[in-house]
Undergrad: 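Pasting a structure here, questions to come.
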Amino acid sequence: MKQELAFLIRQALQSAFEAGTLQQKDIPRIDLEIPKIVAHGDFSTNIAMTMAVSQKRAPREIAKIIIDHIEDPDHLLSKTQVAGPGFINFFIALDKWHEILKTVPEEDTAYGTSQVGLGKRVQIEFLSANPTGPLHVGHGRCAAVGDTLSAVLKAVGYEVEKEYYVNDSGRQIRTLGESVFVRYQQLLGKTVDLSAGNYQGSYIKDLARILLDQERERLLGMPEEEAVTLCARFAATRILAGIREDLVAFGVSFGHWFSEQSLYESGTVQAVIQDLKSQDIVYEHDGALWFRTKDFGDEKDRVVVRANGLTTYFASDIAYHKDKFERKFDRIIDIWGADHHGYVPRVSASIRAFGYDGDRFQVLLIQLVNLLRDGKPVTMSTRAGEFVTLREVIDEVGRDAARFLFLLRHYESPLDFDLELAKKQSNDNPVYYVQYVHARISNILKKAEERGYREIDWHDDFSRILTLPEEIQLIKLMARYPDVVARSARLMEPHRIPFYMKELSAAFHAYYHDRNKHKVVSDDAKLSAARLYLVSAIRIIIRNGLALMGVSAPESM
RNA sequence: GCGCCUGUAGCUCAGUUGGACAGAGCAACGGACUUCUAAUCCGUAGGUCGCAGGUUCGAAUCCUGCCAGGCGUACCA
């Protein structure tokens, strides 16, 4: 509809140019927005004002000329007007809105989807929590945002691949192994203590106990190095399995799990370093091997191989991102916690150093979650073992509420997550407000079915029946949904979905509530059919939107 | 010090790429259940959009400088 209107305006400009009523210029970009005030029409454009300078004429004059040149063979518009300093307001003909209502149940689960992604392949890597401890609340936000963004991108026609990068190599894994080995020895009566750098959480003890059951005292007879390696591998595998279970409970699935260790085992990291050497992108200094990231936009050069011969985390990340590009994605999106933001320039630099198009790579930085309990901050640290797990949150608050709450904020804003509040609020939580719409409509449809109304097909009479301002308002809101999804995808802002859902829900609840004025199922069969069609369409959008968020749509509550 | 993010109603937050008188939920106050489910609805009240300049027809939005908070600034991951 917006596109149709933009097309009409473009044609009007063209014909004004040809008629000489406006000076021939390039046709500018046409911005159409939905005015806040109903009296300002369904769409509004500031085109006349932006053209005022180049045309050297008053905006209102230009607006008038454009309107005079608009040809509208399909009768899309019912009214146009020049307003304020030079806005052109457009009023869409009523039956055009009804045409959109008609399409909602026809398109059903596809309503809201589009093809703007053109089938391009996008890879989205998110969460990627180290397998050194269970997922905690902060991870929940990344998981919810990443998963919903994936769904949104898929809805607008991208081919989306979700990936989890498993940091199963390096020092933190070794530390994990050491921690477990200490606990294991303690269980066997040895007097060894955890060092400050070790993982303190009680889950380490649990892992040691399971290990003891499996291996008995076998590890004591091994060289320590070997025992720690065994502990590390055992623990990481076990923890990763737990993470997968938590993600199942949270409703998040990944198409690919990419192991950091595999980059070493296949020799990829070493090959990449050789490659860098031959291209003179790295140099030696103080015994270490440095990447010339500064030449590619980073503030300074970065170490790839330390003086002690060990590679840095950056080394495998270079190899990893090179691998991503070699997998020929059109777009590569990384979602990281904001505490990693200093890392962005060096990864981007490494990508450009290989000659890849840096614009195809984007990083979304999710601001951190501040966990509160009764308004007081709870400090979280995986290492110190002080954290609230995602699993606990799912169990206490529920998956639907948790996902909704995580999405209800722009990802660039820090999020205060108060556990007690989340539980207390569970009754006036926005997620129930939206789900309640689905339940209410489901109930109406059930009742209607008892009275003989089955699947209702569109009838052209409906556009003459559904004419109450509230009904038109609802239809206009429904018509906006595909735009909301497209916009959410383009800006990579999943929070737009729940905000829209709340708005649509509010409009429905208000409509539903005034049952004296417009009860859906009444004695008037035609009217009932039309309104049943309307509410069915609303239910479809609620269901589709909740699906994008990974939130269930209950039949009853 | 430098870099990234944030600052909008008492609280939690939106704000359609610079538009018309700044919006919602919660909290406060006053109302609505003989129902297609009140997990709902209607109304009242509440703002110097952190501060100060600048850009222009027009700024919460863009630029500059301050102020405040968070995060980062390793041959850690």
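Convention: sequence-line order gives letters A, B, ...; per-chain numbering from 1.
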Undergrad: Pull up the glycosidic torsion of B:U48 and say syn or anti, syn being anything within 90° of 0.
TA: anti
Undergrad: For the side chain of A:Ala510, starting at C-beta, report the closest nucleotide among B:A39, B:C42, B:A20.
TA: B:C42
Undergrad: Holding to ring pair (Phe, Tyr, Trp, His ring centres under 6.0 Å), I want the full list of residues that pass it with A:Phe417, two or more places apart in sequence or in another chain.
TA: A:Phe406
Undergrad: So that I know where these two stand, are A:His509 and A:Tyr433 an aromatic pair - ring centroids less than 6.0 Å apart?
TA: yes
Undergrad: Side chain of A:Ile444, heavy atoms from C-beta onward: which of B:G15, B:U40, B:C36 has the nearest atom to it?
TA: B:C36
Undergrad: Please determine if A:Arg480 and A:Glu503 form a salt bridge, counting it only when a charged side-chain N lies under 4.0 Å from a carboxylate O.
TA: yes
Undergrad: For a quick check of understanding: with a heavy-atom distance under 4.0 Å over all strands, which category does A:Ala439 fall into, base, sugar-phosphate or nothing?
TA: base
Undergrad: Need one value for A:His438: base, sugar-phosphate or nothing, where a base atom within 4.0 Å counts as base even if backbone is also close, heavy atoms only.
TA: nothing
Undergrad: From CZ of A:Arg409 over to C1' of B:C11, roughly how many Å is that when rounded to an integer?
TA: 12 Å
Undergrad: Which part of the nucleic acid, if any, lies within reach of A:Arg490 when heavy atoms closer than 4.0 Å are counted: base, sugar-phosphate only, or nothing?
TA: base
Undergrad: Would you state whether a donor and an acceptor, one from the side chain of A:Asp514 and one from the base of B:A32, lie under 3.5 Å apart?
TA: no
Undergrad: Nearest to the A:Pro85 side chain among B:U40, B:A14, B:G19, which nucleotide is it?
TA: B:G19
Undergrad: For a quick test of your reading: what N or O donor-acceptor pairs under 3.5 Å do the side chains of residues 335-347 of chain A make, sequence neighbours left out?
TA:
unit_1	atom_1	unit_2	atom_2	d
A:Trp336	NE1	A:Asp334	OD2	3.4
A:His341	ND1	A:Ala338	O	3.1
A:Tyr343	OH	A:Phe314	N	3.3

Undergrad: Does A:Tyr436 place a side-chain N or O at less than 4.0 Å from the phosphate oxygens OP1/OP2 of B:C41?
TA: no
Undergrad: Measure from the side-chain heavy atoms of A:Arg515 and tell me the nearest of B:C36, B:U17, B:C57.
TA: B:C36
Undergrad: So if I define the base as every atom that isn't primed, P, OP1 or OP2, how would nucleotides 67-77 of chain B read as a B/S/- string at a heavy-atom cutoff under 4.0 Å?
TA: ----BSSSBSB
Undergrad: Considering only atom P, compute the distance from B:G23 to B:G43 and round it to an integer number of Å.
TA: 15 Å
Undergrad: For atom P, what is the distance between B:G65 and B:G46, given to the nearest Å?
TA: 38 Å
Undergrad: Taking atom P of B:U17 as reference, at what distance in whole Å does atom CG of A:Asp483 sit?
TA: 12 Å
Undergrad: Closest approach to the side chain of A:Ala83, judged atom by atom: which nucleotide of B:U12, B:A20, B:C41 is it?
TA: B:A20
Undergrad: Assign A:Phe87 to base, sugar-phosphate, or nothing according to its heavy-atom contacts below 4.0 angstrom with the strands shown.
TA: base
Undergrad: Regarding A:Lys447, tell me which of base, sugar-phosphate or nothing describes its non-hydrogen contacts under 4.0 Å with the strands shown.
TA: sugar-phosphate
Undergrad: Considering the options A:Ser128, A:Ser169, A:Ser316, which one meets the side chain to side chain donor-acceptor pair (under 3.5 Å) requirement together with A:Glu260?
TA: A:Ser316
Undergrad: Round to a whole Å and report the spacing from OH of A:Tyr511 to P of B:C36.
TA: 15 Å
Undergrad: Tell me: CD1 of A:Ile47 to C1' of B:G18, nearest whole Å?
TA: 14 Å
Undergrad: Report the distance from atom CG of A:Leu534 to atom C1' of B:C36, rounded to the nearest whole Å.
TA: 14 Å
Undergrad: When the C1' atoms of B:G70 and B:A32 are compared, how many Å lie between them, rounded to an integer?
TA: 44 Å
Undergrad: Write down the distance between CG (A:Asp418) and P (B:C26), rounded to a whole number of angstrom.
TA: 18 Å
Undergrad: Listed by chain and number, what are the side chain to side chain contact (heavy atoms under 4.5 Å, CB included) partners of A:Arg409, not counting sequence neighbours?
TA: A:Arg141, A:Ser413, A:Leu415
Undergrad: In whole angstroms, how far is the P atom of B:G15 from the CD atom of A:Glu503?
TA: 12 Å
Undergrad: Taking the P atom in each of B:A9 and B:G15, what is the distance between them to the nearest angstrom?
TA: 15 Å
Undergrad: Decide if the gap between the ring center of A:Tyr320 and the ring center of A:Tyr165 is smaller than 6.0 angstrom.
TA: yes
Undergrad: Taking atom types as they are modelled, would you say the side chain of A:Arg29 forms a donor-acceptor pair with the base of B:U17 within the 3.5 Å cutoff?
TA: no
Undergrad: Can you tell me if A:Arg496 touches the phosphate of B:G15, counting only side-chain N or O atoms and a distance under 4.0 Å to OP1 or OP2?
TA: yes
Undergrad: Looking at the side chain of A:Phe499, which of B:C36, B:A39, B:A14 is the nearest nucleotide?
TA: B:A14
Undergrad: To the nearest angstrom, how far is A:Tyr500 atom OH from B:G15 atom P?
TA: 16 Å
Undergrad: Report the relative orientation of the aromatic rings in A:Phe499 and A:His495; use parallel for angles under 30°, tilted for 30 to 60°, perpendicular for over 60°.
TA: perpendicular
Undergrad: Within this structure, what is the OG1-CD1 distance for the pair A:Thr237 and A:Ile239, rounded to the nearest 0.5 Å?
TA: 9.5 Å
Undergrad: I'd like to check, for A:His410, whether its ring lies over the base of B:A14 with centroids under 5.5 Å apart and a plane angle smaller than 30°.
TA: no
Undergrad: Do A:Phe87 and A:His40 have ring centroids that are under 6.0 Å from one another?
TA: no
Undergrad: Measuring to OP1 and OP2 of B:G15, would you say a side-chain N or O of A:His495 lies under 4.0 angstrom away?
TA: yes
Undergrad: How would you label the contact of A:Thr132 with the nucleic acid (heavy atoms, under 4.0 Å): base, sugar-phosphate, or nothing?
TA: nothing
Undergrad: Grab the stems for RNA chain B, please: at least three consecutive Watson-Crick or wobble pairs, both distances below 3.5 Å, written as range with range.
TA: B:1-7 with B:67-73, B:10-13 with B:23-26, B:28-32 with B:40-44, B:50-54 with B:62-66
Undergrad: Measuring only the P atom in each nucleotide, how far is B:A22 from B:A60? A whole number of Å is fine.
TA: 9 Å
Undergrad: Taking 4.0 Å as the cut-off, does a side-chain nitrogen or oxygen of A:Arg487 come that near to OP1 or OP2 on B:U16?
TA: no
Undergrad: Closest nucleotide of RNA chain B for A:Leu415 versus for A:Arg440: which of these residues is on the 5' side?
TA: A:Leu415
Undergrad: Using the C1' atom as the point on both nucleotides, what is the distance between B:U34 and B:C29, in whole Å?
TA: 28 Å
Undergrad: Taking atom C1' in both B:U55 and B:A39, what distance in whole Å separates the two?
TA: 50 Å
Undergrad: Mind checking the C1' distance from B:G50 to B:C41? Whole angstroms is fine.
TA: 37 Å
Undergrad: Report the residue (A:Leu32 or A:Glu412) whose heavy-atom-nearest nucleotide on RNA chain B is the more 5′ of the two.
TA: A:Glu412
Undergrad: Suppose we screen for side chain to side chain contact (heavy atoms under 4.5 Å, CB included). Which residues come up paired with A:Pro482, at least two apart in sequence or across chains?
TA: A:Tyr111
Undergrad: Provide the closest heavy-atom pair for A:Tyr453 versus A:Ala525 in the form atom of the first, atom of the second, distance.
TA: OH-CA, 3.4 Å
Undergrad: NA contact type, A:Ser44, heavy-atom cut-off 4.0 Å: base, sugar-phosphate, or nothing?
TA: base
Undergrad: With a 3.5 Å cut-off and no angle check, do the side chains of A:Arg306 and A:Thr311 form a donor-acceptor pair?
TA: no
Undergrad: Would you find more than 12 non-hydrogen atoms of other residues, nucleotides or ligands less than 6.0 Å from A:Lys64 atom NZ?
TA: no
Undergrad: Counting only side-chain nitrogens and oxygens, does A:Lys36 get under 4.0 Å of the OP1 or OP2 atom of B:A20?
TA: yes
Undergrad: Could you tell me whether A:His40 contacts a base, only the sugar-phosphate backbone, or nothing, with contacts defined as non-hydrogen atoms closer than 4.0 Å?
TA: base
